[in-house]
> 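This is the structure I want to talk about, given as structure tokens.
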Number of protein chains: 2
Amino acid sequence: MAKAPTVYDVADRAGVSIATVSRVLRMPDAVRPVTRDRVLDAVTALGYVPSGSARGLAERRTGVIGLYFPGFDAAEEAPTLDVLSVGAAHPFTIIHDEAAAEGTTPEEGPGSMLFLDEVLRGAELEAWKQGFVLMVGVGRNDPDRSTVRDMAGRVDGLVVLASSVPDDVLERLAVRIPVVVLSGPPRGDSYDHVTVSNTEAMTELARLVLEQSGGRAPAFLAGPADSPDGAQRWQGFSDAMAEAGIALDDVVVVRGDFTRASGRRAAEELMANGLPLALMSANDQMALGALDAFRAAGVRVPEDLLVTGFDGIDAAALSHPRLTTVRQPMIELGRAAVQVLMNRLEHPDTDPIFVRLPLEITLRESSLRRP
Amino acid sequence: MAKAPTVYDVADRAGVSIATVSRVLRMPDAVRPVTRDRVLDAVTALGYVPSGSARGLAERRTGVIGLYFPGFDAAEEAPTLDVLSVGAAHPFTIIHDEAAAEGTTPEEGPGSMLFLDEVLRGAELEAWKQGFVLMVGVGRNDPDRSTVRDMAGRVDGLVVLASSVPDDVLERLAVRIPVVVLSGPPRGDSYDHVTVSNTEAMTELARLVLEQSGGRAPAFLAGPADSPDGAQRWQGFSDAMAEAGIALDDVVVVRGDFTRASGRRAAEELMANGLPLALMSANDQMALGALDAFRAAGVRVPEDLLVTGFDGIDAAALSHPRLTTVRQPMIELGRAAVQVLMNRLEHPDTDPIFVRLPLEITLRESSLRRP
DNA sequence: GTGAAAGCGCTAACAC
DNA sequence: GTGTTAGCGCTTTCAC
């Protein structure tokens, strides 16, 4: 690796001063064409690439924005891998995956994985459009090394997902650089926020279900007690019941933990105690689990009962019947967060912004009584 | 946004020199505990975060590694989104998605999307383990702005996916920083490479299929002529045929373009001309399309013919029957690429490394004749 | 239109 | 154990 050429090298070779080199790169029109060409030739000849560090230091901005994700425990426990010390690896391994019962769709990783991927795509796209590059970090509970702070020193602004960063840390960072909180519940009113309307969308979905079920109360498959998303969705459901004059006491509520298995268990519990006309789940995974259990027991969806989910994961479009759900506008969330951040970079002292993106209620066979 | 505090501010407040501040942060043990605590107190009090730019400039390394992806045209044509100028958006929209025939799984985005997400996760994980942070860039054919070069100036090394960067650009970058080429065909022998054994795995899979079909030649559903992956897979298939003493002239080859639709068309063509005993596809999407077409026509898989795919996308585990395929070790690819990069950073002048990761041949119902 | 020179915030000798 | 100081590679006045 040859030592990277600097402005000085380019200047020498082009027979100009370093100021001129800098100008050619940043305000080409301020330089006489002949000079400019000489410089550009030197640049290509040397393979010069400006140092981001030096530029960042001088400009007092990095041109980088950070996206910080919550991590999953799974990641930390990743098996060690040491590709360099492996000898000639076998070119393939054979896996017999014939065990799974057909029709039972496998549990996916945390539902939020896909969500994060899409958000990242949106964020990268928007960052690029604005001439920035993206740095990504994943939250891990490592006592003595904090990636957020690592990142904070290298970026002009930070998009932080939900509760991936503790309150006190977030507060400290926000002093130095702008922070946008993406998704999840509001975290104080000194940050910009980008979220979706969980509550309102769930209310509307419940209205639609009530229409189909002749106004009879659906059962609710709730998420874990400590999930903010789960709470908002339950709130939306409650609102719709109130609106329809249904007492919450008359509603059957089963609590799950957002996994497919817990959805299956919930469905079995319901079947044992008498089927409701509809089951509204706080997320897709549980709804899909319930769907599996219903099918196994010969309960027909939507004929015998309606089922709805929430999140819009891909698997919801692949189930039988396909699952009615509420899709998160994932790409748009990523893009919106970056837009808000850019805005903040330009107007540091305006009031915090609170952007809500619309959710997409996606009606499919699982919630539509056929005529 | 208050001006960010610097070492000088911290030094002032702690009543020490900037060198001591720097030491506390980098070699805490070289500082007397009392002094150290004074400094640390000042750090927290001021919310000091070291500037990555300044540090990078002084250390001549950034602590960042770049991951550069190929882009998809879709991304560039993304609709404009301007969240800031939107008034009070409606909290939801309703989408009627009742049209799709059940059982026909929807086309996904480019199959490589998921692949990239997983690779990114692996890369981030490994980067973190090594104390680096990750910067990501997406290749887009923008004439005058090159993200790769933007990134090159800000990172210590670059992982470049397949052919996301033109040869000449890659060559120029490699002069300045180490580059690892990930996946895809080798690109000259001056870079480190991390790939998988497409050819060998396809050969083995073909052997397994031949066993099941009594040695009768399977048909081959090829990818686009210009795809390196497609070419390698075809090569692996050919090798197996040669090995089995089957002339390639006796093999029915249909060419698709890696999309699900092209798989459907290919299946229809085959059905019109007489069914083979097996169909081996160069990727999963086409195989899934074929599966759809076969089911629609009442052809039973695996009873009437065997079908195999390649890539190991999630949908392959959700089809009916579930699809035999060859899974890319995506996470591991990401991790391996970073490991190789780290190794290069430490040993700049050793010979290029060529790492091949094993593929996972995943046998499922679609290729297993039931007893 | 171009050059000289003063930082930007940090690290790492080197001196004490 | 701590302070002084010379860079790191760039941008940006300010002269000319």
> Looking at D:dC8, D:dT11, C:dC10, which one has an atom nearest to any side-chain atom of A:I18?
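Given the options D:dC8, D:dT11, C:dC10, the side chain of A:I18 is closest to D:dT11.
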> Above 12 or not: heavy atoms from other molecules or residues under 6.0 Å from CG of B:D168?
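Yes, CG of B:D168 has more than 12 neighbouring heavy atoms, counting only those of other groups under 6.0 Å.
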> Here's a test of your reading of the structure: between A:E59 and B:R55, which maps to the more 5' nucleotide of DNA chain C?
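Going by which nucleotide is closer to the 5' end, it is A:E59.
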> Can you check whether any acceptor in the base of C:dC8 is under 3.5 Å from a donor in the side chain of B:Y8, or vice versa?
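Answer is no: no donor-acceptor pair is held.
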> Report the distance from atom CZ of B:R154 to atom C1' of D:dC10, rounded to the nearest whole Å.
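Rounding to the nearest Å, CZ of B:R154 and C1' of D:dC10 are 13 Å apart.
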> Roughly, in whole Å, what's the span from CE in B:M27 to P in C:dA13?
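Distance check: B:M27 CE to C:dA13 P gives 10 Å.
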> Closest approach to the side chain of A:V16, judged atom by atom: which nucleotide of D:dT2, D:dG7, C:dG3 is it?
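The nucleotide sitting nearest to the side chain is C:dG3.
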> Give a yes/no answer on whether the side chain of B:T20 brings an N or O atom under 4.0 Å of OP1 or OP2 in D:dT2.
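No.
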> Show, in sequence, the C-alpha distance, side-chain angles and deciding distance for B:T147 and A:W128, and conclude whether the side chain to side chain contact (heavy atoms under 4.5 Å, CB included) test is met.
CA-CA 8 Å; B:T147 324; A:W128 172 76; 3.6 Å; yes
> Does a salt bridge link B:R13 with B:D41, judged by any charged N lying under 4.0 Å from a carboxylate O?
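The answer is no: the pair does not qualify as a salt bridge.
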> What is the distance, to the nearest angstrom, from the CG atom on A:D29 to the P atom on C:dT2?
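Going from A:D29 (CG) to C:dT2 (P), I get 13 Å.
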> Decide yes or no, distance alone: a donor-acceptor N/O pair under 3.5 angstrom between the base of C:dG3 and the side-chain of A:R23.
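For A:R23, whose side chain was compared with the base of C:dG3, there is a donor-acceptor pair (under 3.5 Å).
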> Counting only side-chain nitrogens and oxygens, does B:S22 get under 4.0 Å of the OP1 or OP2 atom of C:dT11?
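For C:dT11, OP1/OP2 do have a side-chain N/O of B:S22 under 4.0 Å.
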> Nearest-nucleotide wise, let me know which of A:A58 and B:R60 is further upstream toward the 5' end of DNA chain D.
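Closest to the 5' end, via its nearest nucleotide, is B:R60.
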> Can you check whether A:R26 has a side-chain N or O nearer than 4.0 Å to OP1 or OP2 of D:dC10?
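For D:dC10, neither OP1 nor OP2 has a side-chain N or O of A:R26 closer than 4.0 Å.
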> Identify whether the distance between the nearest side-chain nitrogen and carboxylate oxygen of A:E118 and A:R121 falls below 4.0 Å.
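So A:E118 pairs with A:R121 through a salt bridge.
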> At under 4.0 Å, does any side-chain N or O of B:S17 touch on OP1 or OP2 of D:dG3?
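Yes, B:S17 has a side-chain N/O under 4.0 Å of OP1/OP2 on D:dG3.
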> In whole angstrom, give the distance that lies between atom CZ of A:R61 and atom C1' of D:dC10.
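From A:R61 CZ to D:dC10 C1': 14 Å.
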> Taking for each residue the nucleotide of DNA chain C with the nearest heavy atom, is it A:A19 or B:Y48 whose nucleotide lies nearer the 5' end?
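That would be A:A19.
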> D:dG9 P sits how many Å from A:D9 CG, rounded?
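Distance check: A:D9 CG to D:dG9 P gives 9 Å.
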> Can you see which heavy atom on B:D156 is nearest to which on B:P178, and at what distance?
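For B:D156 and B:P178, the tightest heavy-atom pair comes out as O-CD, 3.3 Å.
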> Taking only the side-chain heavy atoms of A:T35 (C-beta and beyond), determine which of D:dC10, C:dG1, C:dC10 contains the nearest atom.
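Among the listed nucleotides, the one closest to the side chain of A:T35 is C:dG1.
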> Quickly work out the A:R38 CZ to C:dT2 P distance and round it to whole Å.
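Going from CZ in A:R38 over to P in C:dT2 covers 8 Å.
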